[in-house]
There are 2 protein chains.
Amino acid sequence: MANDTKERLIRAGEALFRSQGYSGTGLKQLADDARAPWSSMYHFFPDGKEQMAAEILDYAAAYYARMLARGFEARPDPLDAIDAIFTGEVEILKRSGYRDGCPIASVTLDTASTVEPLRKRCGEAFASWIRTIAEGIGRSGVDEEAATELATFVLSRASKNATPLLRTGRIVHQAIEAALSNTKKTRPPHKRTRAARR
Amino acid sequence: MANDTKERLIRAGEALFRSQGYSGTGLKQLADDARAPWSSMYHFFPDGKEQMAAEILDYAAAYYARMLARGFEARPDPLDAIDAIFTGEVEILKRSGYRDGCPIASVTLDTASTVEPLRKRCGEAFASWIRTIAEGIGRSGVDEEAATELATFVLSRASKNATPLLRTGRIVHQAIEAALSNTKKTRPPHKRTRAARR
DNA sequence: GTCTATAATACGATAGAC
DNA sequence: GTCTATCGTATTATAGAC
């Protein structure tokens, strides 16, 4: 590679996707932000915006997957890892003035219904993160299914699958139940039938 | 009111925001979907797209708040209400072919960084839902703070506040902890070996 | 409140020279 | 790989008649 123009484009794109999503981001603004010439756009991404977005998503997916894996490797206790990962993300969000969220989430929400190839890639990104998190949690002795269930619970519409939402509902349910039995001992705990179905 | 053109516009806008977000939705497509004449656009929303979006967000916020409140009113047990609300949303998502998500979330993710008035409205919408949910949970005896904490945990970047993310982290932590102690008590760990994992 | 017409701009995408 | 220039279209937004 003679220079790093393509990488600058992808990096700038990831940043813009974080704060503006896919349809909110113009290619001209992107090239500007990357300090890349406009002509490089279609030189590196001859198939246009969609191809460029696909490569940005792949880049972001791999980047975060590595970050997650490292988080779990660095700490023997997965609970510590989860804490560190969350507070780390909070730090990033704060430092950006609450601008930089999750690039996959933004793109999912404004393209899942309209641009099928991108929706698919978003779904794959989330799936890979779930596998990484499930593996990390799995080390602590939670069985595989429960670990995946926990890891899935933030997953969005990108997967074209209702289980993420259902699992979120179950976890909310359990959290409430836990808070109930913690703070109000006078109340008889709920029947196991509802909470135990997982 | 002679006719209901404005309401049709707002309803169509809410639907489009669900599936395409703010920047992904064109005003002409919106007017078309609403079967409203193009001229009505700037007749009812003289300040343009931003004003229209603001009114759509207010409409959606009120609509969902009512839905939540009714959900809690209809069922004495807030746990039942949570279950019903989640499975209801899953039903909607499924029926739309996984197209229709949360209109506030979509708009938040692609405008929170760029259109301050809309970001503010999104934040207010989430805040009102949190109050409604906290009230619903509160009836079961959970104290106010715990109820608010639980209700907040899905909140996004719209609030320009890190507590939602931090609270999510805490709840994930607790969920894992709970799963851990459940596993150890109720079943032998690792029925399937890690090598057998797909 | 609705009509037709259009301005002004941004967008994604191409062309051809170097 | 980069340059300049532009095409066609879609966008948001206005103007003025009825």
Side-chain angles (χ1 to χ4, degrees), chain A residues 1-17 19-57 103 106-107 109-111 113-119 121, chain B residues 1-17 19-57 103 106-107 109-111 113-119 121:
Chain A
M1 297 276 185
N3 64 18
D4 61 344
T5 303
K6 183 173 182 180
E7 201 187 324
R8 287 207 316 279
L9 283 170
I10 288 183
R11 286 237 249 259
E14 193 237 359
L16 286 173
F17 280 6
S19 62
Q20 303 180 343
Y22 176 78
S23 32
T25 298
L27 295 184
K28 290 214 159 83
Q29 177 192 15
L30 202 163
D32 251 28
D33 280 19
R35 277 179 301 276
W38 167 244
S39 41
S40 301
M41 213 60 254
Y42 284 86
H43 176 72
F44 291 112
F45 309 101
D47 288 343
K49 192 182 189 183
E50 212 173 294
Q51 180 195 355
M52 142 137 261
E55 301 202 23
I56 290 174
L57 291 177
S106 316
V107 175
L109 291 195
D110 77 343
T111 67
S113 314
T114 53
V115 192
E116 173 62 16
L118 295 184
R119 191 228 100 225
R121 258 185 167 79
Chain B
M1 303 284 182
N3 64 16
D4 60 345
T5 303
K6 184 173 183 179
E7 200 186 325
R8 285 207 318 278
L9 284 170
I10 288 183
R11 287 237 250 256
E14 194 239 356
L16 286 172
F17 280 5
S19 62
Q20 303 181 343
Y22 176 77
S23 31
T25 298
L27 296 184
K28 285 212 159 86
Q29 177 192 16
L30 202 164
D32 254 26
D33 280 20
R35 277 180 302 274
W38 167 246
S39 44
S40 300
M41 214 58 257
Y42 285 85
H43 176 73
F44 291 113
F45 310 102
D47 288 342
K49 192 182 188 184
E50 211 175 294
Q51 180 195 356
M52 142 136 261
E55 300 202 26
I56 290 174
L57 291 176
S106 316
V107 175
L109 292 197
D110 79 342
T111 67
S113 312
T114 52
V115 192
E116 174 60 18
L118 295 185
R119 193 227 98 225
R121 260 189 166 77

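Lettering of chains follows the sequences in order, A, B, ..., and the numbering in each one begins at 1. Please read these numbers as outputs of a predicted model, since none were measured by experiment.
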*Asks:* On the nucleotide D:dT2, are OP1 or OP2 found under 4.0 Å from the side-chain N or O atoms that A:Ser40 carries?
*Replies:* yes
*Asks:* Show the nearest heavy-atom pair for residues B:Thr5 and B:Ala36, with the distance to one decimal.
*Replies:* CG2-CB, 3.7 Å
*Asks:* Rounded to the nearest angstrom, tell me the gap between atom CG in A:Leu16 and atom P in C:dG12.
*Replies:* 11 Å
*Asks:* Would you mind reading off the distance between A:Glu50 atom CD and C:dC11 atom P, rounded to a whole angstrom?
*Replies:* 18 Å
*Asks:* Answer yes or no: is there a side-chain heavy-atom contact under 4.5 Å between B:Asp110 and A:Gln20?
*Replies:* no
*Asks:* Quick one: A:Met41 CE to C:dG12 C1', roughly how many Å, whole number?
*Replies:* 10 Å
*Asks:* Testing A:Lys6, A:Lys49, A:Arg121 for salt bridge (Lys or Arg N to Asp or Glu O under 4.0 Å) with A:Glu55, which one passes?
*Replies:*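 Single salt bridge (Lys or Arg N to Asp or Glu O under 4.0 Å) partner of A:Glu55 among A:Lys6, A:Lys49, A:Arg121: A:Lys6.
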*Asks:* Quick check for you: among C:dG1, D:dA13, D:dT2, whose closest atom lies nearest to any side-chain atom of B:Phe44?
*Replies:* C:dG1
*Asks:* What is the separation between atom CG on A:Leu9 and atom C1' on D:dT2, rounded to the nearest whole Å?
*Replies:*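 So the two atoms are 12 Å apart, to the nearest Å.
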*Asks:* Please give, in whole Å, the distance from C:dG1 P to B:Asp4 CG?
*Replies:* 12 Å
*Asks:* For DNA chain C, whose closest nucleotide is more 5', that of A:Leu27 or that of B:Trp38?
*Replies:*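 Per heavy-atom nearest nucleotide, the more 5' residue is B:Trp38.
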*Asks:* Could you tell me the separation between the CD atom of A:Gln20 and the C1' atom of C:dA10, rounded to a whole number of Å?
*Replies:* 14 Å
*Asks:* In whole Å, what is the span from the CG atom of B:Asp32 to the P atom of D:dA10?
*Replies:*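 In whole Å, D:dA10 P and B:Asp32 CG are 13 Å from each other.
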*Asks:* Could you tell me the separation between the NZ atom of B:Lys49 and the C1' atom of C:dA8, rounded to a whole number of Å?
*Replies:* 16 Å
*Asks:* Is it true that a side-chain atom of A:Ser106 and a backbone atom of A:Gly21 form a donor plus acceptor pair closer than 3.5 Å?
*Replies:* no
*Asks:* Across the strands shown, which category fits B:Ser23 at heavy-atom distances under 4.0 angstrom: base, sugar-phosphate, nothing?
*Replies:*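 No contact.
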*Asks:* Reading DNA chain D from 5' onward, which residue's closest nucleotide shows up sooner: B:Tyr42 or A:Ala36?
*Replies:*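 Result: A:Ala36.
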*Asks:* Mind checking B:Ser39 for me? I need base, sugar-phosphate or nothing, with any heavy atom below 4.0 Å counting as a touch.
*Replies:*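 Since a base atom lies under 4.0 Å of B:Ser39, the category is base.
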*Asks:* Under 3.5 Å, is there a donor-acceptor pair between the side chain of A:Arg8 and the main chain of A:Arg35?
*Replies:*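 Checked: pair present.
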*Asks:* Which residue lies toward the 5' end of DNA chain D, A:His43 or A:Lys28, if each is placed at its nearest nucleotide?
*Replies:* A:His43
